[in-house]
Amino acid sequence: MPVTEATAAPTALGSTTPGAVVHPGGTTFTLWAPDAERVELTLLDDGGNHRNLDLQHIGEYWSADVPDVGHGQRYGYRVHGPFEPTHGLRYNPAKLLLDPYARAIDGSLDFASPLIYDSSDGDSAGHVPVGVVVESSDPPPPISRPVRWGETVIYELHARGFTMTHPDVPPALRGTYAGLAHPSVIGYLKDLGVTSIELLPIHHSVTEPGIAARGLPNYWGYNTLGFFAPHAPYAAARSDGGQVAEFKAMVAAYHEAGLEVILDVVFNHTAEGGFDGPTLSLRGIDNRVYYRLGNSGAMYDVTGTGNSVDTSHPQVRRLILDSLRYWVTEMGVDGFRLDLAVTLIRNERHEVDLEHPFLTEIAADPVLRKVKLISEPWDVGHFGYQLGNFGTPWSEWNGKYRDAVRDIWRGHSHTVQDLAYRLSGSSDLYGDDGRHPYASINFITAHDGFTLRDLVSYDRKHNEANREGNRDGTDDNRSWNCGVEGETNDPAVNALRRRQAANLMSTLLLSTGVPMITAGDECGRTQGGNNNPYCQDNEISWFDWTLPTSREWRGQFELTRNVLALRGKHPALRQWHYFKGRPVVEGGRKDLSWIAPHGGEMTEADWHDPSLRTLGMFLAGDALRGTDGEGNRLTDHSFLLALNATPETRRVVVPDASWAPAYEVVLDTSRSGITEVEAGATVNLEPRCLVLLAAL
């Protein structure tokens, strides 16, 4: 590697603001590295040449102002100090390190090169990604009308895979931020009726060497390298900073359409892997501060990835909060879902701390407390399952919701008690700490696991394409294949699968809380039974744009769109407050009543009947506690939701006229043809169906 040493020192002392900050006449580079003995800034040109400049020591920072350096300059750091891995010290100036605050990243990781590992003294320059200086620019305009939590419908998608087969997106833009901003793509989401897209990780990431050795990529991107940089391969623009502008333009397009952009962010671990992983950034800057360490310098891992970021230190928390604020104030995003968030609230003894400074600092932050914050409330460590415990201002992925709804429709639920909690907002999880039903992010599927179609088509995972001997991915799928494993030409089985998919989707969208749809579940997307396609950048994972209009699955799309429209129109179907189970106005009806098949309210015996998988839920439209924009109390139609999760037809009695004189059928997954029912009537509830009735 050609090297040109600097002939002159930087012209001025720098600052204690981390990162590369462009100003008229140059750029100020600053790195936090309190225990380093020396820090060099390496500037690289397009020809592979680089020059090293010594930074000046300012307290815990190293900084310098470099003239005539600006937007597009590629750079990295070399940090000097003791190399004693068994004591957690991993300083090695031969390893070119990425700036943790780099706004853009260029270059790829040379997986095969030994130069990226500590075991080699060779220079890693040219084998690792580097930072790119990016000049500040205006953030995207804010969303045209903020989406309140009670109105939110999340749609989880992959920034690349969503447009790879879209016929209207120009081929050069497919799989990019620009492609995601295409009017046809945004139009589809608006027509469907979602309010917010949640992007799988778009922080710049790299593939793990072990996965690359199998000839596969890390498609999902849960292997972050840079917390501030949009993933360069998802941009149609050059990776000299153009990815930043392209991402901002994408956010602006969504905001103009009234759609939010939420990011799935991975701060719990990084791409540097375990003890023997590559040295790319934080490990070489201050390994003992940034990572949880065990005995003899080993990584203490509660994420299952080889390392865990340690938020016990204020500087580590500053890095994460600075990143979150940057994505809000500079890149325009509207919220975050934090992957394995429990890792971030472990203390210096690796114990879960529900009063951790990470939580209190976010709650007090004037920027972050105003955006949507979603935790994945678990990790793989001791006491790692903390569902319901994050408190305000957090919403949480509700894993109990997923399990309860899957179980009831596959016929494995013992009673309907747990289902009732999930349908009504999971007050047992979130009602004791001042939160509202929107604290529950309800989901049945996510990127991790079966798609909705596969959930009703496979009993077992089929992950052979991942080249791990089908050992990866969970075996606890809570799925039912409807009698045949995988694809079939049997019309009866396929009809049952479509009904089950409709039941699951309808349950999700009619439950109190915030629904999250996985991209493609509204139209029968399949992964061929692969429940862990993290390494499949191909048709297994990509959205199939032929499905929404296909003969087999357009009914699922229409059902999803219609139920979302109902949900948006009727506040009774998206409650802001937990139900009291009693009248909320004098002389009124209970806000929520549970109806048994005999037409009366559920008794204690009914709740404990293991054979009862038929349930009614009466939502009183005159007992809402929300208000409109002028402060007037909301009123709505009353609704009766009835479901029969058994394989038999069930004769049920409609509640008497004291509840409502008659009902209009607004949704029936069995398509029985019944359009109206009278109070007190006895009707047949078809096997495995969900019916929504609006009181007349």
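Only heavy atoms go into these numbers, but all of them, side chains included; no hydrogens, no water, no symmetry mates.
Listed for the Thr518 side chain is a donor-acceptor partner under 3.5 Å among the backbone atoms of Thr445. Between the side chain of Thr195 and the backbone N or O of Val153, at least one donor-acceptor pair lies under 3.5 Å. With Arg650 contributing its side chain and Arg613 its backbone, the two residues share no donor-acceptor pair below 3.5 Å. Arg561 places no side-chain N or O within 3.5 Å of a backbone atom of Gly193 that could act as its donor or acceptor partner. With hydrogens and angles disregarded, no donor-acceptor distance shorter than 3.5 Å links the side chain of Thr451 to the backbone of Asp521. Proximity of a side-chain donor or acceptor of Ser440 to a complementary backbone N or O of Gly425 within less than 3.5 Å is not detected. Checking side-chain atoms of His598 against main-chain N and O of Gly600 turns up a donor-acceptor pair under 3.5 Å. Side-chain atoms of Asp334 come within 3.5 Å of backbone N or O of Val261 as a donor-acceptor pair.
Across all their heavy atoms, Val665 and Glu676 have their closest contact at CG2-N, 4.1 Å. Here the shortest heavy-atom pairing between Leu180 and Ile186 reads O-CG1, 4.0 Å. Smallest separation of non-hydrogen atoms from Tyr438 and Gly150: CD2-N, 4.3 Å. Closest of all the heavy-atom pairs between Tyr219 and Pro533 is CD2-O, 4.0 Å. Nearest heavy-atom pair, Thr669 versus Cys689, reported as atom, atom and distance to 0.1 Å: OG1-CA, 3.3 Å. Contact detail for Phe639 and Ala694: the closest heavy-atom pair is CE2-CB, 3.7 Å.
No side-chain donor from either of Asn644 and Glu686 sits under 3.5 Å from a side-chain acceptor of the other. In this structure, a donor-acceptor pair under 3.5 Å is present between the side chains of Asp656 and Ser658. Of the N and O atoms on the side chains of His447 and Asp264, not one donor lies less than 3.5 Å from an acceptor on the other residue. No side-chain donor from either of Ser511 and Asn442 sits under 3.5 Å from a side-chain acceptor of the other. Using modelled atom types and a 3.5 Å distance limit, the side chains of Asn684 and Thr649 yield no donor-acceptor pair. Residues Asn532 and Asn463 bring no donor and acceptor atom of their side chains to less than 3.5 Å of each other. Side-chain atoms of Asn531 and Asp454 form no donor-acceptor pair, as typed in the model, at a separation below 3.5 Å.
By the 4.5 Å heavy-atom criterion applied to side chains, Gln500 and Cys482 are counted as neighbours. Within the 4.5 Å cutoff, side-chain heavy atoms of Leu157 are placed close to those of Leu199. Here the side chains of Tyr421 and Ser427 are in contact, with some heavy-atom distance below 4.5 Å. A heavy-atom distance below 4.5 Å is found between the side chains of Leu559 and Leu667. Leu564 is listed as a side-chain neighbour of Val194, based on a closest heavy-atom distance under 4.5 Å. For the pair Phe579/Thr512, a side-chain contact is recorded, criterion being any heavy-atom separation below 4.5 Å from C-beta on. Under the 4.5 Å side-chain criterion, counting only non-hydrogen atoms from C-beta, Leu615 is not in contact with Ile408. Contact annotation: the side chain of Thr507 approaches that of Leu690 to within less than 4.5 Å [non-hydrogen atoms, C-beta and beyond].
The line from CG of Leu692 to CG of Asn562 is 12.0 Å long, rounded to the nearest 0.5 Å. Taken to the nearest 0.5 Å, the OG1 atom of Thr163 stands 10.0 Å off from the NE2 atom of His182. Rounding to the nearest 0.5 Å gives a distance of 9.0 Å between OG of Ser479 and NE2 of His412. Here OG1 of Thr165 is found 8.0 Å from CZ of Phe543. Values are rounded to the nearest 0.5 Å. To the nearest 0.5 Å, the span separating CZ on Arg460 from CG on Asn481 amounts to 7.5 Å. Atoms CG and CG, on Asp668 and Leu693 in that order, are 8.5 Å from each other to the nearest 0.5 Å.
Screening Tyr234, Trp545, Trp542, Tyr177 against Phe162 for a ring pair (Phe, Tyr, Trp, His ring centres under 6.0 Å) leaves a single residue, Trp545. The only member of Glu522, Met516, Glu260 that meets side chain to side chain contact (heavy atoms under 4.5 Å, CB included) when paired with Tyr155 is Glu522. Checking each of Leu624, Leu573, Leu641 against Leu619 for a side chain to side chain contact (heavy atoms under 4.5 Å, CB included) leaves exactly one that passes, namely Leu573.
The pair Glu198-Lys372 does not meet the salt-bridge criterion, since no charged nitrogen lies less than 4.0 angstrom from a carboxylate oxygen. Salt-bridge formation is detected for the pair Arg410/Asp407: a Lys NZ or Arg NE/NH1/NH2 atom is positioned less than 4.0 Å from an Asp or Glu carboxylate oxygen. Between Arg453 and Glu487, at least one side-chain nitrogen of the basic residue sits less than 4.0 Å from a carboxylate oxygen of the acidic one, meeting the salt-bridge criterion. A salt bridge does not link Glu156 to Arg337: none of the charged side-chain nitrogens sits closer than 4.0 Å to a carboxylate oxygen. Between Arg589 and Asp622, none of the side-chain N atoms (NZ, or NE/NH1/NH2) sits under 4.0 Å from a carboxylate O, so this pair counts as no salt bridge. For Glu151 and Arg574, the salt-bridge test fails: no basic side-chain N is under 4.0 Å from an acidic carboxylate O. Looking at Asp428 and Arg422, a side-chain N of the basic residue comes within less than 4.0 Å of a carboxylate O on the acidic one, giving a salt bridge.
More than 12 heavy atoms of other shown residues, nucleotides or ligands fall within 6.0 angstrom of atom CZ in Arg633. The environment of His637 atom NE2 is sparse: at most 12 non-hydrogen atoms of other residues, nucleotides or ligands sit within 6.0 angstrom. Counting heavy atoms of neighbouring residues, nucleotides and ligands inside a 6.0 Å radius, atom CD of Glu256 does not exceed 12 of them.
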Show, in sequence, the C-alpha distance, side-chain angles and deciding distance for Asn503 and Arg688, and conclude whether the side-chain contact (heavy atoms from CB on, under 4.5 Å) test is met. CA-CA 8 Å; Asn503 291 333; Arg688 297 191 176 96; 4.2 Å; yes

Under the criterion side-chain contact (heavy atoms from CB on, under 4.5 Å), I'd like the reasoning laid out for Asn530 against Gln536: C-alpha separation, chi angles, the key distance, then a yes or no. CA-CA 10 Å; Asn530 192 323; Gln536 299 299 324; 4.2 Å; yes

side-chain contact (heavy atoms from CB on, under 4.5 Å) evaluation trace for Asp591 with His577: CA-CA 11 Å; Asp591 57 356; His577 302 276; over 6 Å; no

With side-chain contact (heavy atoms from CB on, under 4.5 Å) as the criterion, how do Asp459 and Glu485 come out once you've worked through the C-alpha distance, each side chain's angles and the decisive distance to 0.1 Å? CA-CA 7 Å; Asp459 281 354; Glu485 185 71 1; 3.5 Å; yes

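Aromatic pair His166/Tyr188: centroids not less than 6.0 angstrom apart.
Each ring pair (Phe, Tyr, Trp, His ring centres under 6.0 Å) pair with one or both residues in residues 503-535, not counting sequence neighbours, would appear here, but there are none. The salt bridge (charged side-chain N to carboxylate O under 4.0 Å, His left out) analysis of residues 526-544, with sequence neighbours excluded, yields the pairs Arg160-Asp537.
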